[in-house]
Every structure is written in structure tokens, then in C-alpha cells.
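The figures here come from the full heavy-atom set of this structure, side chains too, leaving out hydrogens, waters and symmetry mates.
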Amino acid sequence: EPSLFVEHLERNECTRVLTTPSLLATILQHSGKDIGTRLAAMRTWFMCGEVLPMSTATMFQKALPNCKLVNDYSAWESGDIAYATVSPSPAYLPSQTFAPAGKIAPGSIAVIIDPETRKVVPRGVPGELYVGGSALMHGYYGKPEETAKRLVEGFMPEMHNLWSGKWYQSGDCGRFVGEPPVLEIRGRIDSTVKIRGFKVGIPVVESSILEVEGVGTCCCVPVYESPAVVDSLLCYVRPKDGVAFDGLVQLIRKEGGKKIPRWMMPAYFRPLPEGCTMGGESKKLNRRMLAQLADLATLREEQAQAAQRSAA
């Protein structure tokens, strides 16, 4: 409950806190304009566990201008890999969509690999992140098959030149930008799908929708026509308080279409259901559960019924 969480932070005069970006966005959207006054003791807010959209970072900077926002990119397999102070705004912002993950931390080494060619990509080009270095784990306890799957030998000369040990295949999509190079994490590598021949990055679509006035939270999942063919995207949306869902969808189609190509715009929209977060402390959206609800026949029927209601 966002209001109770803010009340707890205020009552105990907390100075540091760590949450996921989606939880921070929910807190900011459901808190009043006095949140900066209420959380005057807060000095540092750490982000971890998900991609941090710049829209959330911008919202944070307006609400808590005197608090530092730190984007911490880490993995159980390697600890902290990179970190960046996102608010107050750094001098260099490589993207208006994704907040920077920052410089690689001591003890870690990283390269970006094209998942199709398995070659190191040029700076600025996204690919899969591989992590090496002294901070890397030795393996998963009692799980030799999983260890062999995720810890691999360097397979390119650039990898051998940087690190002679094994590399962790993170499954995350990222790129290096700028000079000196700054890491930018763009989501999971499997969050890019092909729709009618076009590559569509789901995190890019979500970030564009989050910038539309009235959107509280959103989550996009692929809708499959067959096991290997994606028909389109389904976007789950939670409007901000007092915003009507149907009107918001129309606004998303209008305003969001100015930011992304038409083939990236979700074909279907649904209200984001309650209780769709994972268990435990992370409170991440349960994308797997939401994807299981994306039945194409049902969505087409819902769309036809909505069209009938609009015409009536």
C-alpha cells in the first residue's frame, strides 16, 4: 500500500531506501505533492531489480529534488555490476527512454554481444550483456547443469583480452554509450519480439506509454498467433487516480503514436489487474502470469465488443 509505505518512511525519518522502479512509480503516483516535505529526511533512494525508465526518474526529481536517486544494476551471480546517480540529473544522459546504469563497478568486466552473430558489437549498438571479473560467482551450488549453461568460456578475442576466466551470460539487453563508456540496460534480451517482420522492443513501447499523461503503470506482453508467431502486443494499463480507462486508451493511441512507429503500438489494452506482482520482497510485475492471460481469440472478441459499445 503506497500511502502506508510513505507513512512508515516519514514516521521513522528514514534516510535511505531500496525499491524497484515500478514500486517507486506507484508511490509517486499515489502520493500527494507534499511527499518532498514528508520525506525531508530521505537522502538516497536506490533502484534495483528492473529497468529504470527516464520518465520515473524525471517524476522523482520533481517530487524529491533534494534526494539522490541511484540506479544500481546488479545480479545475484556478480553482485553490483554498475551504478549511476540519476537524480539530480547527471551531466550526461545517453537516452531519453532508459536511465543510465553507469560505469562498470570495480571487480566486474562487461561486454555486449550480438546474440545472432555472437560477435562483440560496436559502442551504441544493443546486444546481450556478458559479465566477467573477480566478483563473479564460481557457480550455482548443487546445480552443475545450470552453472554450465550460464557460465561460459570467452568465445571472442576481445573477451579473452579482458578476462581469462568464465563469463556470466546475463540475458539482459544493454549497450555502451558515450566516452568514457556508460552502460545502459534496456530490459531482457528476450523482450524483443518480431511483429510482421519488424523488431519491437517491449521496454521501448512501455516507456513511451508511461510518458502519456494519466498513465500510472503499464506492462506489455506479446500475443501469439501460433507458438512461433507474434500477432501483436497486449498492454495492461493502470490509470492514475481519477482517470477513466477507456479515455486513457484513446489518448495512448493518439499521443503514444507520436513517439513510436505504428507497428510498435499495442493492438489490445486491458486494465492492469490487482494482485499481479510476484511474491517475496521485489514486488515485480508477474509478466509470466499476465502473458498467460493474453489469448488472441479472447482479445479479438473483447475488441469487437468494445467497438460495438462505441458505435451504440
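- A 4.5 Å side-chain heavy-atom check between Val111 and Glu158 finds every atom pair outside the cut-off.
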### Message
Show, in sequence, the C-alpha distance, side-chain angles and deciding distance for Leu151 and His138, and conclude whether the side chain to side chain contact (heavy atoms under 4.5 Å, CB included) test is met.
### Response
CA-CA 9 Å; Leu151 290 184; His138 294 291; over 6 Å; no
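- Contact of the Val230 side chain with the Val200 side chain is not registered, since no non-hydrogen atoms from C-beta on lie closer than 4.5 Å.
- Of the possible polar contacts, none joining the Glu184 side chain to the Val177 backbone as a donor-acceptor pair under 3.5 Å is found.
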### Task
Report the C-alpha distance between Ile185 and Asn71 in whole Å, list the side-chain angles of each, state the deciding distance to 0.1 Å, and finish with yes or no for side chain to side chain contact (heavy atoms under 4.5 Å, CB included).
CA-CA 10 Å; Ile185 297 298; Asn71 191 19; over 6 Å; no
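- Smallest separation of non-hydrogen atoms from Ser232 and Tyr268: OG-CE1, 3.0 Å.
- Formation of a donor-acceptor pair under 3.5 Å by the Arg238 side chain with backbone atoms of Pro273 is found in this model.
- A donor-acceptor contact shorter than 3.5 Å links the side chain of His160 to the backbone of Gly154.
- In the hydrophobic clustering of ILVMFWY residues, with side-chain heavy atoms under 4.5 Å counting as a link, Trp167 and Ile104 come out apart.
- Enclosure of atom NZ in Lys240 by more than 12 non-hydrogen atoms of other residues, nucleotides or ligands within 6.0 angstrom is indicated.
- Of the possible polar contacts, one joining the Thr147 side chain to the Tyr140 backbone as a donor-acceptor pair under 3.5 Å is found.
- Put simply, the side chain of Arg287 reaches to within 4.5 Å of the side chain of Cys219, judged on heavy atoms.
- Annotation: side chain of Glu211 is not in contact with side chain of Met54 (no heavy-atom distance under 4.5 Å).
- Looking only at side-chain heavy atoms (C-beta outward), Ile27 and Val6 come within less than 4.5 Å of each other.
- Separating the CE atom in Met42 from the CD atom in Glu13 is a distance of 11.0 Å, to the nearest 0.5 Å.
- When each of Leu234, Leu233, Ile252, Val221 is checked for a side-chain contact (heavy atoms from CB on, under 4.5 Å) with Pro266, only Leu233 meets the rule.
- Clustering ILVMFWY residues whenever any of their side-chain heavy atoms sit less than 4.5 angstrom apart, transitively, puts Val120 in a cluster other than the one holding Leu129.
- When hydrophobic clusters are built by joining Ile, Leu, Val, Met, Phe, Trp and Tyr residues whose side-chain heavy atoms come closer than 4.5 Å, directly or via intermediates, Val193 is not grouped with Ile189.
- Minimum heavy-atom separation, Met264 to Val204: CE-CG1, 4.0 Å.
- In this structure, Phe60 and Leu28 have side chains that are in contact, with non-hydrogen atoms separated by less than 4.5 Å.
- Linking Ile, Leu, Val, Met, Phe, Trp and Tyr residues whenever their side-chain heavy atoms come within less than 4.5 Å places Leu299 and Leu290 in a single cluster.
- In this structure, the side chain of Arg150 engages the main chain of Ser170 through a donor-acceptor pair within 3.5 Å.
- Here the straight-line distance linking atom CZ of Arg43 with atom CG of Leu64 works out to 11.0 Å at 0.5 Å rounding.
- For the side-chain contact (heavy atoms from CB on, under 4.5 Å) with Met47, the qualifying choice from Val86, Leu69, Thr20 is Leu69, the only one to do so.
- At most 12 heavy atoms of other shown residues, nucleotides or ligands fall within 6.0 angstrom of atom CD in Glu213.
- In plain terms, the two heavy atoms of Lys259 and Ser208 that are nearest each other are CD-O, 3.8 Å.
- When the shell of 6.0 Å around CZ of Arg253 is examined, it contains more than 12 heavy atoms from other residues, nucleotides or ligands.
- Contact detail for Asp72 and Ala82: the closest heavy-atom pair is OD1-O, 3.5 Å.
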### Task
Verify side chain to side chain contact (heavy atoms under 4.5 Å, CB included) between Asp172 and Arg188, making sure each step is shown before the conclusion.
CA-CA 4 Å; Asp172 286 336; Arg188 298 293 291 172; 2.8 Å; yes
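- A cation-pi arrangement is present between Arg118 and Phe155, with the terminal nitrogen or guanidinium carbon under 6.0 Å from the aromatic centre and inside a 45° cone about the axis.
- Taken from CG in Leu4 to CG in Leu9, the straight-line distance is 11.0 Å, to the nearest 0.5 Å.
- In this structure, Cys220 and Ile209 have side chains that are in contact, with non-hydrogen atoms separated by less than 4.5 Å.
- In summary, the side chains of Glu77 and Tyr168 do present a donor paired with an acceptor at a separation below 3.5 Å, with no hydrogens or angles considered.
- Taking the six-membered ring where the residue is Trp, Trp263 and Phe198 present parallel rings, their angle staying beneath 30° rather than reaching 60°.
- With contacts defined as side-chain heavy-atom distances shorter than 4.5 Å, the pair Val125/Ile112 does not qualify.
- Taking CD from Gln292 and CG from Asn286, the interatomic distance works out to 8.0 Å, rounded to the nearest 0.5 Å.
- Atom CG of Asn12 and atom CD of Glu10 lie 10.0 Å apart (nearest 0.5 Å).
- A donor-acceptor pair under 3.5 Å is absent between the side-chain atoms of Thr298 and the main chain of Ala294, judged by distance alone.
- Residues Tyr83 and Leu183 do not share a hydrophobic cluster, defined by chaining ILVMFWY side chains whose heavy atoms lie under 4.5 Å apart.
- Shortest non-hydrogen contact noted between Val243 and Pro239 is O-CB, 3.4 Å.
- Going from atom CE of Met159 over to atom NZ of Lys166 covers 12.5 Å, rounded to the nearest 0.5 Å.
- Counted within 6.0 Å of CZ on Arg11, heavy atoms from surrounding residues, nucleotides or ligands total more than 12; the atom is thus considered enclosed.
- Contact record, Lys103 with Pro181: CG-O, 4.4 Å, taken as the closest heavy-atom pair.
- The backbone N or O of Tyr236 lies less than 3.5 Å from no partner atom in the side chain of Arg270, so there is not a single donor-acceptor pair.
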### Message
Set out, in order, the CA-CA distance, both residues' side-chain angles and the distance that settles side chain to side chain contact (heavy atoms under 4.5 Å, CB included) for Ile109 and Tyr130, then state yes or no.
### Response
CA-CA 8 Å; Ile109 302 168; Tyr130 283 71; over 6 Å; no
